[in-house]
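Read through the structure below, which is laid out as structure tokens, and then see the notes.
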Amino acid sequence: MEDKLQSIDLQKVPNHIAIIMDGNGRWAKGKGMQRIFGHRNALTAIRETADTASEIGVKFITLYAFSTENWNRPKLEVDALMSLLVSTLKKELPDFQRKNVKINAIGNISSLPKNAQKVLASVIEQTKNNTKITLTFALSYGSREEIVNAFKNISKKVVNKELDIEKIDEKIINNHLYTFNLPDVDLMIRTSGEQRISNFLLWQLAYAELYFTEILWPDFRRENLFDAVIDYQNRERRFGKTSEQIETNE
């Protein structure tokens, strides 16, 4: 494992990694357990991934924790997930403080149960001055909904003459998204073998490298993050330029 760490160029780690944590239900089913068992065991993967990312210098991690579509799951599972969110935030707060982790959340937070909103707001407030890494939970999040809301808010400003339509650019749009305080994603990881983006950070993934692995999320560990980062570093990120331009820094 440490050989993998030595293979990483610490000067070129992705600044922002987003993760679709997929496979919890299948992991639990494979062990003859209920789906919530998989969600509970996913916490180890979250903890180890955040610790490892922080260790190598990643500044932002965004986790797709609960999508707008997830509200359609059985009520028992949804209630269990919300309860797990609350208990995890309370339990992990001392570790967040000790490890200098800033907690952030994106999505339609007002749709969460009141207790979850309260605990989440408290943890965000208590960790707001931490600077080592920002850990963002995407909760009740859907990228299309996010973009629609952004355009509604921009349109209101145009109608109210607070904003000139000719002034609308990428920066204006970005400032009206849930992620206005986050940089664009450099690397997106999806576990469990699925190769879809699933309505996750559609705007923010514009130039991200996509990495898919067969590993189910509860089994994702330190060495698996290393594999993803090494793969990322072996790719040429051109942003529309040619390889020759990148080589000569033109």
Side-chain angles (χ1 to χ4, degrees), residues 1 3-5 7-8 13-53 56 58 60-74 76-78 80-81 84-85 88 106-107 135-146 184-237:
M1 187 189 304
D3 288 341
K4 289 184 179 181
L5 175 58
S7 298
I8 293 175
V13 298
N15 186 45
H16 186 180
I17 297 177
I19 304 176
I20 299 178
M21 307 179 292
D22 200 7
N24 295 347
R26 275 169 282 169
W27 186 89
K29 184 178 180 180
K31 297 182 181 299
M33 306 293 288
Q34 292 183 333
R35 292 175 59 86
I36 191 60
F37 182 75
H39 297 311
R40 290 196 186 102
N41 281 272
L43 299 178
T44 301
I46 293 175
R47 191 180 300 112
E48 190 157 329
T49 297
D51 288 349
T52 303
I56 63 176
V58 176
F60 300 89
I61 289 275
T62 298
L63 303 176
Y64 205 3
F66 192 87
S67 72
T68 50
E69 292 80 12
N70 287 155
W71 290 113
N72 295 320
R73 291 188 174 183
L76 187 63
E77 181 178 351
V78 171
L81 280 167
L84 182 61
L85 171 65
T88 299
I106 58 173
L135 179 60
T136 299
F137 292 97
L139 296 161
S140 191
Y141 176 86
S143 188
R144 286 185 172 182
E145 180 182 82
E146 173 187 31
D184 280 348
V185 177
D186 299 301
L187 171 63
M188 193 284 289
I189 300 170
R190 182 168 189 158
T191 57
S192 88
E194 302 292 348
Q195 298 188 19
R196 297 185 300 275
I197 297 175
S198 296
N199 198 21
F200 183 47
L201 300 174
L202 300 178
W203 175 275
Q204 301 84 345
L205 287 175
Y207 286 102
E209 297 296 328
L210 308 183
Y211 179 85
F212 302 104
T213 174
E214 297 288 334
I215 296 166
L216 301 178
W217 177 248
D219 290 327
F220 196 86
R221 292 294 181 270
R222 175 183 174 89
E223 64 269 22
N224 305 125
L225 184 65
F226 286 160
D227 287 337
V229 172
I230 290 169
D231 183 85
Y232 165 88
Q233 292 187 340
N234 285 333
R235 301 184 191 184
E236 183 179 69
R237 289 169 61 73

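- Side-chain contact between Met188 and Leu201 is absent, with no heavy atoms from C-beta onward closer than 4.5 Å.
- Considering only residues two or more places apart in sequence or on other chains, Asn70 meets the side chain to side chain donor-acceptor pair (under 3.5 Å) condition with Ser67.
- Within the 4.5 Å cutoff, the side chain of Tyr232 has no heavy atoms near those of the Val13 side chain.
- Between atom CD1 of residue Ile20 and atom OH of residue Tyr64 there is a gap of 7.0 Å, rounded to the nearest 0.5 Å.
- Among residues at least two apart or in separate chains, salt bridge (Lys or Arg N to Asp or Glu O under 4.0 Å) pairs with a member in residues 193-204 are Arg26-Glu194, Glu194-Arg196.
- Shown here for Thr191 and Met21, the closest heavy-atom pair between the two residues is OG1-C, 3.8 Å.
- In this structure, the side chain to side chain donor-acceptor pair (under 3.5 Å) partners of Asp219, at least two apart in sequence or on a different chain, are Trp27.
- Side-chain contact check for Pro218 versus Thr44: every heavy-atom pair is 4.5 Å or farther apart.
- For Tyr211, there are no ring pair (Phe, Tyr, Trp, His ring centres under 6.0 Å) partners at least two apart in sequence or on another chain.
- To the nearest 0.5 angstrom, Lys29 atom NZ is 12.5 Å from Leu216 atom CG.
- In this model, a donor atom of one side chain and an acceptor atom of the other lie less than 3.5 Å apart for Trp71 and Ser140.
- Every salt bridge (Lys or Arg N to Asp or Glu O under 4.0 Å) that Glu77 has, sequence neighbours left out, goes to Arg35, Arg73.
- When all heavy atoms are compared, the tightest approach of Ala138 to Phe200 is CB-CE1, 4.2 Å.
- Residues that satisfy the side chain to side chain donor-acceptor pair (under 3.5 Å) test with Arg40, not counting sequence neighbours, are absent from this structure.
- Considering OG of Ser143 and CD of Gln204, their distance stands at 5.5 Å, rounded to 0.5 Å.
- Rounded to the nearest 0.5 Å, atoms CZ (Arg144) and CG (Leu202) are 7.0 Å apart.
- Ser198 and Arg190 make their closest contact through OG-NH1, 2.7 Å (heavy atoms, listed as atom of the first residue, atom of the second, distance).
- Rounding to the nearest 0.5 Å places CZ of Phe212 at 11.0 Å from CD1 of Ile189.
- Annotation: the span from Ile46 atom CD1 to Ile19 atom CD1 amounts to 9.0 Å, rounded to 0.5 Å.
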